[in-house]
A.B. asks: 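What follows is a single structure, and I will ask about it in a moment.
Side chains included, hydrogens not; waters and symmetry mates left out as well; all remaining heavy atoms used.
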Amino acid sequence: MLKIGNFTERFFTITFLIGVALLLSFSAHKYYASITKIEISEQEQLIKVYTQVFVDDFEDVLEERYQLNAVDFENLSGEEEKYIATYVAKKIQLKVNRQPLKLKFLGCEAKNELLYIFVEAPIKEIVKRFDVENTMLQDLFSEQQNTIDITNNSKTKSLHLYAENPSGTIYY
């Protein structure tokens, strides 16, 4: 069900290196950040979303919101998967040409201290305007910053979102 290609492998490599650098820079992790890669494929009529957060931060939010603790992200129960999918759908909102998209949770994978969350959404039109709202983890960590890289037709544009500015728009 989860397709991992060159884009995802590069994403894992880059985010792993960033994660290692961040972990080595701080004795106790006090920096709250996520990286989200969005790949728009009009040819496949699909938007692929890859989000990377710190495992411990995501565990904290699951415990606070849903009283879930000690989650094994590689072997999610149906209830855990439902809660994670619900949380992600509330925190990441996407619109194409002002029309909201319904995200489908594909799964997640923990590697070292990082959690990779995979979602996708079908699209049926050429993307001229792309709206993103990402409030991932900001309900628990007000310092949380979310960087979004959006690739469409081999062109990447970025947004830096935080509590006071949780959304942005990209035009193509």
Side-chain angles (χ1 to χ4, degrees), residues 1-16 18-19 32-55 57-58 61-62 65-66 73-74 76 78-111 114-139 144-172:
M1 182 165 110
L2 185 63
K3 298 177 187 174
I4 298 189
N6 288 340
F7 179 82
T8 306
E9 291 170 5
R10 284 184 297 213
F11 175 68
F12 279 127
T13 302
I14 291 168
T15 54
F16 174 75
I18 291 170
Y32 300 99
S34 77
I35 298 173
T36 298
K37 302 284 184 188
I38 298 174
E39 185 179 280
I40 300 170
S41 176
E42 292 172 352
Q43 196 170 35
E44 291 180 75
Q45 294 186 318
L46 195 61
I47 292 179
K48 301 173 187 175
V49 182
Y50 311 92
T51 297
Q52 169 245 304
V53 296
F54 286 105
V55 170
D57 294 343
F58 202 75
V61 106
L62 291 176
R65 296 290 167 250
Y66 307 110
F73 292 105
E74 305 304 318
L76 295 173
E79 180 184 31
E80 291 168 337
E81 187 171 314
K82 181 184 93 176
Y83 284 131
I84 292 170
T86 299
Y87 182 79
V88 171
K90 286 181 184 177
K91 298 302 175 180
I92 298 177
Q93 300 286 314
L94 305 178
K95 294 180 184 176
V96 168
N97 305 331
R98 298 183 191 254
Q99 298 301 311
L101 298 178
K102 183 173 180 177
L103 297 178
K104 177 182 176 186
F105 177 74
L106 299 177
C108 55
E109 185 175 321
K111 284 193 175 184
L114 301 174
L115 178 67
Y116 301 90
I117 301 167
F118 306 97
V119 296
E120 68 181 17
I123 56 172
K124 297 191 188 303
E125 57 190 300
I126 293 174
V127 178
K128 295 179 182 173
R129 175 186 169 130
F130 193 77
D131 295 292
V132 178
E133 180 176 316
N134 186 337
T135 58
M136 183 76 72
L137 303 177
Q138 289 175 350
D139 48 342
Q144 177 73 28
Q145 299 182 31
N146 299 314
T147 300
I148 317 294
D149 292 330
I150 304 156
T151 303
N152 186 13
N153 295 323
S154 302
K155 293 181 186 173
T156 301
K157 297 183 180 185
S158 298
L159 296 168
H160 185 76
L161 307 176
Y162 46 94
E164 295 81 21
N165 183 38
S167 61
T169 301
I170 300 288
Y171 294 92
Y172 291 99

A.B. asks: Testing Thr151, Asn153, Val127 for side-chain contact (heavy atoms from CB on, under 4.5 Å) with Ile40, which one passes?
C.D. replies: Val127
A.B. asks: Could you tell me the separation between the CD1 atom of Ile117 and the CZ atom of Phe58, rounded to the nearest 0.5 Å?
C.D. replies: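 The distance works out to 4.0 Å.
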A.B. asks: Do any N or O atoms from the side chain of Gln45 and from the backbone of Ser41 form a donor-acceptor pair under 3.5 angstrom?
C.D. replies: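 Checking the backbone N and O of Ser41 against the side chain of Gln45, no donor-acceptor pair under 3.5 Å is found.
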A.B. asks: Salt-bridge test for Lys111 and Glu109: reply yes if a basic N is under 4.0 Å from a carboxylate O, no otherwise.
C.D. replies: yes
A.B. asks: Do Asn146 and Gln138 come close enough that some side-chain heavy atom pair is under 4.5 Å?
C.D. replies: yes
A.B. asks: Phe73 versus Ile84: any side-chain heavy-atom pair under 4.5 Å?
C.D. replies: yes
A.B. asks: Verify the neighbour count for atom NZ of Lys157: are there more than 12 heavy atoms of other residues, nucleotides or ligands below 6.0 Å?
C.D. replies: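 Yes, because the 6.0 Å sphere around NZ of Lys157 holds more than 12 heavy atoms from other groups.
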A.B. asks: Please state whether the rings of His160 and Tyr162 are parallel, tilted or perpendicular, taking 30° and 60° as the class boundaries.
C.D. replies: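 Rings of His160 and Tyr162: tilted, as their planes differ by 30° to 60°.
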A.B. asks: Nearest 0.5 angstrom please: Ile148 CD1 to Ser158 OG, how far?
C.D. replies: 9.0 Å
A.B. asks: Distance from Asn134 atom CG to Ile35 atom CD1, nearest 0.5 Å?
C.D. replies: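 Spacing of CG (Asn134) from CD1 (Ile35) equals 12.0 Å.
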A.B. asks: Tell me, yes or no, whether the heavy-atom count around Glu74 atom CD, taken from other residues, nucleotides or ligands under 6.0 Å, exceeds 12.
C.D. replies: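 Yes, because the 6.0 Å sphere around CD of Glu74 holds more than 12 heavy atoms from other groups.
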A.B. asks: Give, for atom CG of Asp149 and atom OG1 of Thr156, the distance between the pair rounded to the nearest 0.5 Å.
C.D. replies: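 Atom-to-atom, Asp149:CG and Thr156:OG1 are 6.5 Å apart.
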A.B. asks: Glu125 and Asn97: which non-hydrogen atoms are nearest, and at how many Å?
C.D. replies: OE1-ND2, 2.8 Å
A.B. asks: Any side-chain heavy atom of Lys124 within less than 4.5 Å of one from Val96?
C.D. replies: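 SC-SC contact between Lys124 and Val96 ruled out.
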A.B. asks: Is there a side-chain contact between Thr169 and Phe130, using heavy atoms and a 4.5 Å cut-off?
C.D. replies: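 No, too far: nothing below the 4.5 Å cut-off.
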A.B. asks: Side-chain contact, heavy-atom cut-off 4.5 Å: Met136 with Gln144?
C.D. replies: no
A.B. asks: Distance check, rounded to the nearest 0.5 Å: Asn152 atom CG versus Glu39 atom CD?
C.D. replies: 10.0 Å
A.B. asks: Return the minimal non-hydrogen interatomic distance between Lys95 and Pro100, and the atom names on each side.
C.D. replies: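 In this case the closest contact between Lys95 and Pro100 is CG-CA, 3.8 Å.
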A.B. asks: Do the side chains of Ile170 and Val132 get nearer than 4.5 Å, heavy atoms only?
C.D. replies: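 Heavy-atom side-chain distance check fails, nothing below 4.5 Å.
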A.B. asks: Leu94 versus Ile38: any side-chain heavy-atom pair under 4.5 Å?
C.D. replies: yes
A.B. asks: As a test of understanding, state which of Thr51, Val55, Val53, Leu115 forms a side-chain contact (heavy atoms from CB on, under 4.5 Å) with Cys108.
C.D. replies: Leu115
A.B. asks: Supply the atom-to-atom distance Leu159 CG to Thr147 OG1, rounded to the nearest 0.5 angstrom.
C.D. replies: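 Answer for the CG-OG1 pair, Leu159 versus Thr147, is 9.5 Å.
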A.B. asks: Testing the basics here: between Thr135 and Lys90, what is the closest heavy-atom pair and its distance to 0.1 Å?
C.D. replies: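 Minimum heavy-atom contact is OG1-O, 4.5 Å.
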A.B. asks: I would like to know whether Tyr87 and Asp139 meet side chain to side chain contact (heavy atoms under 4.5 Å, CB included); could you show each step before the answer?
C.D. replies: CA-CA 11 Å; Tyr87 182 79; Asp139 48 342; 2.9 Å; yes
A.B. asks: Using side-chain heavy atoms (C-beta onward) and a distance below 4.5 Å, is Ile126 in contact with Tyr172?
C.D. replies: no
